[in-house]
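Here's the structure, in structure tokens; my notes come after.
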Amino acid sequence: MIFKNRKEAGEILAGKLLKLNSKDTIVLAVPRGGVPVGFEVARLLQVPLEPIMIKKIGHPANKEYAIGATSMDEFFIASQEHIPKEYIDAELVLIRKRLTEMYSKFMGQKKPTNLKGMNVILVDDGMATGHTMMATLHVLKKSLPNQIIVAIPVASNNAVKLVKTLANVVVCIYIPDEFYGVGSFYEDFDQLTDKEVIGFFNQ
């Protein structure tokens, strides 16, 4: 299955989510690629759309290896990681500064919604390994939402299995037998500019 673009993927995904009770529901989209998908889901379900501002915390010896993740106000560190507190504190300051700046760029003065008791639909344009989504879920759960629904157009089988261990519900349109990267399942997979992303949040 090949999606024409993220808009089409979002429309199909929304169709799979229409049966959900939209009361106290919000769509959180992963910038940047998840935003056009999340926009269509939020538009068709008639619920609010916001960006989810969470980034991984890299290992001091290898920044690409995630030891945890942080949002603008919550964070998660894997229990088996023995990293100096001073390093984590310094990384939290740096990453949260970047997240706050990015959120302000996308949303202006609007404060993030309090997610306690909310039904959260977490949207991205695809999942390869699921590890980034797992880190996001660990942090998101600290906001005490009622439930978290991960909604994805395409994902590897291993990613779906992994994310199902933490999300309340996983909705995925297409799980191919062989996964070659998210972009290979879209005709148009251009990278979005900040200006384009801001446009989705201002419609």
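Since the model is a prediction, treat every value here as computed from it, not as a measurement.
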Report task. Answer whether the closest heavy-atom distance between the side chains of Val171 and Ile152 falls below 4.5 Å. Result -> no

Query - By salt bridge (Lys or Arg N to Asp or Glu O under 4.0 Å) - contacts of Lys63 (at least two apart) - result: Glu91

Query raised in the report: With sequence neighbours left out, what residues match Lys19 under salt bridge (Lys or Arg N to Asp or Glu O under 4.0 Å)?
Result: none

Report task. Identify, with sequence neighbours excluded, every residue that meets side-chain hydrogen bond (donor to acceptor under 3.5 Å, both in side chains) alongside Glu178. Result -> Tyr180

Report task. Nearest 0.5 Å please: distance from the CZ atom of Arg98 over to the OG1 atom of Thr70. Result -> 11.0 Å

Query raised in the report: Taking only residues at least two apart or on different chains, which pairs with a member in residues 109-125 satisfy salt bridge (Lys or Arg N to Asp or Glu O under 4.0 Å)?
Result: Arg6-Asp125, Glu50-Lys110

Query raised in the report: Can you name the closest pair of heavy atoms from Lys4 and Glu187 and give their distance?
Result: O-CB, 3.4 Å

Query - All side-chain hydrogen bond (donor to acceptor under 3.5 Å, both in side chains) counterparts of Ser71, not counting sequence neighbours - result: Asp73

**Report entry** Pairing residues for Asp194 by the salt bridge (Lys or Arg N to Asp or Glu O under 4.0 Å) criterion, not counting sequence neighbours
**Finding:** Arg32, Lys105

Query - Reference residue Leu122; test side-chain contact (heavy atoms from CB on, under 4.5 Å); the match among Ile149, Val170, Ile26, Leu140 - result: Leu140

Report task. Looking only at non-hydrogen atoms, find the nearest pair between Pro176 and Ala155 and report the distance. Result -> CD-O, 3.3 Å

Query raised in the report: Same cluster or not: are Ile67 and Leu94 linked, directly or through other Ile, Leu, Val, Met, Phe, Trp or Tyr residues, by side-chain heavy atoms under 4.5 angstrom apart?
Result: no

Report summary line: Heavy-atom nearest pair, Pro31 first then Phe106, reads CB-CE1, 3.9 Å

**Report entry** Minimum heavy-atom distance between Gly58 and Tyr87, given as atom pair plus value
**Finding:** O-OH, 2.6 Å

Report summary line: Lys7 meets the salt bridge (Lys or Arg N to Asp or Glu O under 4.0 Å) criterion, sequence neighbours left out, with Glu11

Report task. Measure the shortest side-chain to side-chain distance between Val41 and Leu17 over non-hydrogen atoms and say whether it is less than 4.5 angstrom. Result -> yes

Query raised in the report: Are Phe3 and Ile173 close enough that some pair of their side-chain heavy atoms sits under 4.5 Å apart?
Result: yes

Report task. Look at the side chain of Lys56 and the backbone N and O of Gly68, then say whether any donor-acceptor pair between them is shorter than 3.5 Å. Result -> no

Report task. Indicate, with yes or no, if Val35 and Leu44 share a hydrophobic cluster defined by side-chain heavy-atom contacts under 4.5 Å among Ile, Leu, Val, Met, Phe, Trp and Tyr. Result -> no

Query raised in the report: Out of curiosity, does Ile88 fall in the hydrophobic cluster containing Tyr65 (side-chain heavy atoms, cut-off under 4.5 Å, transitive links)?
Result: yes

Query raised in the report: Pairs in or reaching into residues 33-42: which pass salt bridge (Lys or Arg N to Asp or Glu O under 4.0 Å), with residues at least two apart or in two chains?
Result: Glu40-Arg43

**Report entry** CE-CD1 distance between Met133 and Ile54, expressed to the nearest 0.5 angstrom
**Finding:** 10.0 Å

Report summary line: Only one of Val123, Ile52, Val37 passes side-chain contact (heavy atoms from CB on, under 4.5 Å) with Val30, and that residue is Ile52

Query raised in the report: Just by distance, do the side chain of Ser156 and the backbone of Val160 share a donor-acceptor pair under 3.5 Å?
Result: no

Query - Contact check, side chains of Leu144 and Leu115, non-hydrogen atoms, under 4.5 Å - result: no

Report task. Decide whether Asn119 and Asn146 meet the rule of one side-chain donor and one side-chain acceptor closer than 3.5 Å. Result -> yes

Requested in this report: Nearest 0.5 Å please: distance from the CE atom of Met102 over to the CE atom of Met107.
Outcome: 14.0 Å

Query - All pairs passing salt bridge (Lys or Arg N to Asp or Glu O under 4.0 Å) where residues 149-172 contributes a residue, at least two apart - result: none

Query raised in the report: Can you check whether Met72 reaches Pro112 side chain to side chain, under 4.5 Å on heavy atoms?
Result: yes

Requested in this report: To the nearest 0.5 Å, tell me how far Met53 CE sits from Tyr103 OH.
Outcome: 9.0 Å

Report task. Spell out, yes or no, whether Leu18 and Ile12 are grouped together once hydrophobic residues are joined by side-chain heavy atoms under 4.5 Å, including indirect joins. Result -> yes

Report task. Only counting residues at least two apart or in another chain, list the ones meeting side-chain hydrogen bond (donor to acceptor under 3.5 Å, both in side chains) with Thr136. Result -> none

Query raised in the report: With sequence neighbours left out, which residue pairs that include part of residues 129-174 fulfil the ring pair (Phe, Tyr, Trp, His ring centres under 6.0 Å) condition?
Result: Phe76-His138, Tyr174-Phe185

Query raised in the report: Any link between Leu45 and Val169 through a network of hydrophobic side chains (Ile, Leu, Val, Met, Phe, Trp, Tyr) touching at under 4.5 Å?
Result: yes

**Report entry** Between NZ on residue Lys195 and CG on residue Asn202, distance to nearest 0.5 Å
**Finding:** 12.0 Å

Requested in this report: May I ask you to test the Val120-Gln147 pair for a side-chain heavy-atom distance under 4.5 Å?
Outcome: no

Query raised in the report: Can you find a heavy atom in the side chain of Val27 that is under 4.5 Å from one in the side chain of Pro48?
Result: no

Query raised in the report: How about Leu20 and Thr25: do any of their side-chain heavy atoms sit closer than 4.5 Å?
Result: no

Report summary line: Tightest non-hydrogen contact, residues Gly126 and Pro153, listed as N-CD, 4.3 Å

Query raised in the report: Is the number of heavy atoms from other residues, nucleotides or ligands within 6.0 Å of CD (Gln203) greater than 12?
Result: yes

Query raised in the report: If only atom types and distance count, is the side chain of Asn168 paired as donor or acceptor with the main-chain N or O of Ile148 below 3.5 Å?
Result: yes

Query raised in the report: What is the minimum heavy-atom distance between Leu49 and Phe200, and which atoms define it?
Result: CD2-O, 4.4 Å

Requested in this report: Ignoring hydrogens and angles, tell me if any N or O in the side chain of Lys16 forms a donor-acceptor pair with the backbone of Ala151 under 3.5 Å.
Outcome: no

Query raised in the report: Partners of Lys97 by side-chain hydrogen bond (donor to acceptor under 3.5 Å, both in side chains), sequence neighbours excluded?
Result: Glu101

